[in-house]
Amino acid sequence: MTTGEPAPYALLEVVEVGALSLVQDLGRPGLAALGVSPSGAADRAAHALGARLLAQDESLASLEVVGGLVVRALGSITAVVTGTHAPVTVDDRPTGTNAPFLLHAGQVLRIGRPSAGLRSYLGVRGGVAVAPNLGSRSHDTLSGIGPAPLEPGQQIPVGRPTGPAGGNLLVDVAPTRAPATGQVVLDARPGPRLDWLADVARLTTTAWTVGAASDRVGVRFEGPALDRVPGRASAEVPSEGVLRGAVQVPASGVPVVFLADHPVTGGYPVVAVLTGRACDLAAQLVPGQPVRLRLLGTP
Amino acid sequence: MVEEPTGERIPGRQPTGRLLPYGERGLLVEVDDLHRALALFELLAAARERLAGLEDVVAGARSVLLVAASPGALTAVRAEAQRALAALGSGEVPTAFHSGGPAPEQVVEVPVHYDGDDLADVAELTGLTVTEVVAAHTGTPWRVGFAGFAPGFAYLVDGDPRLRVPRRATPRPRVPAGAVGLADEFSGVYPRSSPGGWQLLGHTDLALWDLRRDPPALLRPGLWVQFTDADGAS
């Protein structure tokens, strides 16, 4: 009766997409020699929390949602929403975040606009089962690698859950702190070009806001410019490797913090690098939100 | 050699590099020139086979960025970097790559239509005629130095040294896919349409990046590129 690919366990039919919804997992690290960024969930901790609440491996893909998403379940699906503080309803009945729930066949799940944070993660038991590219199901916005952004009418395959029927769901709800709505302080450690700054103290005393041009490539700060030491004022760095969390100071002097879809190399000085936890916090910043950096010692 | 104030000098027979901090799971190894960077990259890329905590090795023009899989793996990665620098400093690694030349199976032929918008500017900057620029670009094979910028983009090195030109003062908002350019000591081919500041010599019809191909990148470290004049007489 069937040929080729086995039929998916269940489907999620996309009804409405807010700003942008993407399939994401842990990305495709280790491919710099191909010029390919790691990509993957922008807020790793939120993606991973969803996987743990569903008692499954973090490598299974989830949906990264910005600006809301409405999906209809075709088949019964165990799901969880993590990341932002956002209204979540099933057939218009409120349900919680950070708490797994069952979506019966035909039910409509609506993730609204968050009151705190930017990126929600819709995890499903069995994982989002689109075909991988280069070992990952993540959509890389910089290169276009991976499954295309979600579109209304599209049907997203959900993988067959492993383990006992109903799963080993031992946790009803994970108590987590909602993303901050006020000023966020991002912890960073020194980067290779910290000494290019004329006044290192200004890196941690300057108050910036998050720019509207921020995306999965990077969080663009707005506000005061940092000065470089005399002699480095207009110098470029010969192309050198870039990592998630790198705080780059371009010619304008206003920092950019790279996120998951960062380029593999860059030509501006990297003065500091966010901790992994701070990268997750940075991924939840909304345009206009005040932000500062805190410099920790060398590990 | 001027020592960077934040750099950690590596003991050895001669100064060969500096270890610079790069957050909780990165380490930037900075060296003095491109060939040392490429030699170091080869040593450290090979180390990924036996060092599970080394998640990626990213080559740069004067540096190699080492990425540990976790903050806890950084100590082992740092030790590996010091070993590689010691090997580099004691002269066990060749720093010139033209001596042997490429094996035929390592050479990728890239036919180019030399019709780029900056051909005349490159001729003026180099003091060559347009015909001589094309002859120089196609005269000797280029080596894939390192990848970056975009999937499938390779920084090509070891070409004719007369072709060293600066980037354009103002980058173009859009450079078409397949555009072949020059910047500093590099040549390169844009895999997809993007902004760019390289001096454009022409374009190729080859696909530099194709996900249906395994591996998807046409030009990878270890390979050489022989540009040919697609519209030439031969």
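Within every chain, numbering begins at 1; the chains are lettered A, B, ... in the order of the sequence lines, protein sequences first and strands thereafter. From a predicted model like this one, the values you see are computed outputs, not experimental measurements. FYI, side chains are in, hydrogens and waters are out, and symmetry mates aren't considered; it's all heavy atoms of this structure.
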Open item on the list: Need one label for A:Val247: side chain, backbone, both or neither, based on atoms under 4.5 Å from any heavy atom in chain B.
Closed with: neither

Open item on the list: Given heavy-atom pairs under 4.5 angstrom as the criterion, report whether the side chain, backbone, both or neither of A:Leu134 touches chain B.
Closed with: side chain

Let's test your reading of the structure: which of [options] forms the most heavy-atom pairs below 4.5 Å with chain B?
options	result
A:Leu142, A:Val270, A:Asn133, A:Val264	A:Val270
A:Ala188, A:Pro238, A:Ser37	A:Pro238
A:Leu243, A:Thr265, A:Val36	A:Leu243

Can you tell me which portion of [X] sits under 4.5 Å from chain A's heavy atoms? Options are side chain, backbone, both or neither.
X	result
B:Val144	neither
B:Pro191	neither
B:Tyr155	side chain

- [ ] Step through the shown structure and confirm whether more than 12 heavy atoms of other residues, nucleotides or ligands are within 6.0 Å of CD on B:Glu49.
- [x] no

Task: Test applied, side-chain contact (heavy atoms from CB on, under 4.5 Å); reference residue, B:Leu20; option that passes from B:Leu28, B:Leu65, B:Leu27 - done: B:Leu28

I need the residue from [options] with the largest number of non-hydrogen atom pairs under 4.5 Å to chain A.
options	answer
B:Ala59, B:Ala147, B:Gly60, B:Pro151	B:Pro151
B:Val58, B:Leu34, B:Leu54	B:Val58
B:Ala150, B:Ser194, B:Pro221	B:Ala150

Open item on the list: Within the structure provided, determine whether A:Arg193 and A:Glu240 are in side-chain contact (heavy-atom separation under 4.5 Å).
Closed with: yes

TODO: Could you check whether the rings of B:Trp198 and B:Phe186 sit parallel, tilted or perpendicular, using 30° and 60° as the cut-offs?
DONE: parallel

Open item on the list: What I want to find out is whether A:Arg216 reaches A:Glu64 closely enough, with some N-O distance under 4.0 Å, to be called a salt bridge.
Closed with: yes

Open item on the list: Regarding B:Arg143 and B:Glu42, does a basic nitrogen lie under 4.0 Å from an acidic carboxylate oxygen?
Closed with: yes

Open item on the list: Can a donor-acceptor pair be found, under 3.5 Å and without considering hydrogens, that links the side chain of A:Thr204 to the backbone of A:Leu295?
Closed with: no

TODO: Apply side chain to side chain donor-acceptor pair (under 3.5 Å) to B:His137 and B:Ser187, showing your working.
DONE: CA-CA 9 Å; B:His137 198 243; B:Ser187 188; 2.9 Å; yes

